[in-house]
Number of protein chains: 2
Amino acid sequence: MRVSREQAALNRERIVDVAAKLFREKGYDGIGVADLMKGAGLTHGGFYGHFESKEDLLAEACAKAIAYSVEHWRRRIDRNPGDPLGELARSYLSEMHRDNAGAGCVIASLGPDVARAGKPVQHALTGGVKAQLDMLAQALPGEPEEARRRAIASYAAMIGGLVLARAVDDPELSKELLAATVAQLEQA
Amino acid sequence: MRVSREQAALNRERIVDVAAKLFREKGYDGIGVADLMKGAGLTHGGFYGHFESKEDLLAEACAKAIAYSVEHWRRRIDRNPGDPLGELARSYLSEMHRDNAGAGCVIASLGPDVARAGKPVQHALTGGVKAQLDMLAQALPGEPEEARRRAIASYAAMIGGLVLARAVDDPELSKELLAATVAQLEQA
DNA sequence: ATTATCTATAGATCTATAGATAATGC
DNA sequence: ATTATCTATAGATCTATAGATAATGC
């Protein structure tokens, strides 16, 4: 039954990865500890050897998801430094992202859950948000103050556009919401 | 125990109102049928005489919340037809709205829950979203196509800005997110 | 000897239903 | 007679813990 220290650390990482995916797919209250552990190939009794509580795991899962997102943004911006906003918007506001919440932006899928969670969870997200805003503001041309305002408003438009596109019932409207937000950000 | 038909209809409305508030505050899975009924001054056994299921109530609560929001937007736009976007943005992206999710925008607080819910729930929201977009697009100057794109991107920025401002841990950053998004929409 | 994981369970909660009760509406 | 609400409960699920097991690490 017992595994090596190394294997235990890998197991722990796998629990966080599974949680990061399933929380984003089903919401924090939409998946239980037992199913998370099953997803990682373990039984649920072992959970509390790795984490203090389910909310503790949420904080770690959010931290990992947003860190991954920061790296993704960095690569996108480096790939197309002349049009960072268009590059990010086209990828963020894609049908693929809309239909893959489990691997997508943690704010668009768990933002309200995080808002209702404890401070440690919110703190885990905030660092990544700041990093992404700083990164985007630096990549935008013009006065620093104006660039930062544009970075914030553009980030907000991407998140809101994705939340809307996922929530509506009408497939044509959903596509229009994505396309219109991209178009507006491309010309901004 | 039994009440009049009229009183029963009022009770039903009160259940929907309580649900619209508590779902937005605590999330769909964050509040149970028993507590919703208690909030309406009833016992939980009576719930299923009024609704087929908890998700059925979610659909009604979303419909009522978004309908109220549509009316709110109409009044705001009528009050300041020369600057509909600034008028809406300053109210939507206020600290008061941020700190009062239970009475606020249903998309910013329940968007991801709705995305994970069944079609009837999503359908209940979609009508209101269309109404708000049409209303805002009509109120904006310029070519109709461009006005609609701006309406969509502005709506998205408001929702995303509020979700972000609620999710972060840092009060200064939260304020900046609201203010920067407002400023950007005012000059747009 | 230590410890990562397991089985089993406590205790609380959840949605939904069954059947009793008592007031309305005919 | 009908029905809105009540009490009580079924059956499933939830988070968290206790204690056993068996392999690691000294």
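Numbers restart at 1 for each chain; the letters A, B, ... are given by sequence-line order, proteins then strands.
Between B/Tyr28 and A/Met37, it is A/Met37 whose nearest contact on DNA chain C lies nearer the 5' terminus. Checking A/Gln7 against B/Ser53, the closest nucleotide of DNA chain C that is more toward the 5' end is the one next to A/Gln7. Residue order along DNA chain D, read from the 5' end via each residue's closest nucleotide, puts A/Asp35 first among A/Glu52 and A/Asp35. Nearest-nucleotide positions on DNA chain D place A/Gly30 closer to the 5' end than the other of A/Gly30 and A/Gly45.
With rounding to whole Å, B/Glu6 atom CD is found 13 Å from C/dG25 atom C1'. The CG atom of A/Asp56 sits 17 Å away from the C1' atom of D/dT17 (whole-angstrom rounding). Atom-to-atom, NZ of A/Lys38 to C1' of D/dT13 comes out at 12 Å; the value is rounded to the nearest Å. Across the protein-nucleic acid pair, A/His44 atom NE2 and D/dT17 atom C1' stand 10 Å apart, rounded to whole Å. Here D/dC14 presents its C1' atom at 15 Å from CG of A/Leu57, a figure rounded to the nearest Å. For B/Lys26 and C/dC14, the NZ to P distance is 11 Å, given to the nearest whole Å. When rounded to the nearest whole Å, the span between CZ of B/Arg12 and P of D/dT5 equals 11 Å. In this structure, the CZ atom of A/Phe47 is 13 Å from the P atom of D/dC14, given to the nearest Å.
The listed nucleotides are C/dA16, D/dT15, C/dC6; the one nearest the side chain of A/Leu42 is C/dC6. If you check D/dT5, C/dA16, C/dC6 against the side chain of B/Asn11, the one that comes closest is D/dT5. Checking D/dT5, D/dA16, C/dA23 against the side-chain heavy atoms of B/Arg2 singles out C/dA23 as nearest. Of the candidates C/dC6, C/dA16, D/dT3, C/dA16 carries the atom nearest the B/Tyr48 side chain, counting heavy atoms from C-beta on.
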- Could you walk me through whether A/Arg74 and A/Glu71 pass the salt bridge (Lys or Arg N to Asp or Glu O under 4.0 Å) check? CA-CA 5 Å; A/Arg74 197 184 306 280; A/Glu71 280 318 302; 3.6 Å; yes

- Message: Before you tell me yes or no, could you show the steps for B/Glu25 and B/Lys21 under salt bridge (Lys or Arg N to Asp or Glu O under 4.0 Å), namely the whole-Å CA-CA distance, both residues' side-chain angles and the distance that decides it to 0.1 Å?
- Response: CA-CA 6 Å; B/Glu25 275 179 11; B/Lys21 175 169 187 279; 3.2 Å; yes

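Residue contacts for A/Ser4: at a heavy-atom cut-off of 4.0 Å it reaches the sugar-phosphate backbone alone, with no base atom in range. Using a 4.0 Å heavy-atom cutoff across all strands shown, A/His50 reaches sugar-phosphate atoms only and no base atom.
A/Arg90 is listed as a side-chain neighbour of A/Asp83, based on a closest heavy-atom distance under 4.5 Å. No side-chain heavy atom of B/Met37 sits under 4.5 Å from any side-chain heavy atom of B/Thr43. Residues B/Lys38 and B/Leu42 are not in side-chain contact: their nearest non-hydrogen atoms beyond the backbone lie 4.5 Å or more apart.
Pair assignment for D/dA1 gives C/dT24, based on Watson-Crick or G-U wobble hydrogen-bonding distances that are each under 3.5 Å. Pair assignment for D/dT13 gives C/dA12, based on Watson-Crick or G-U wobble hydrogen-bonding distances that are each under 3.5 Å.
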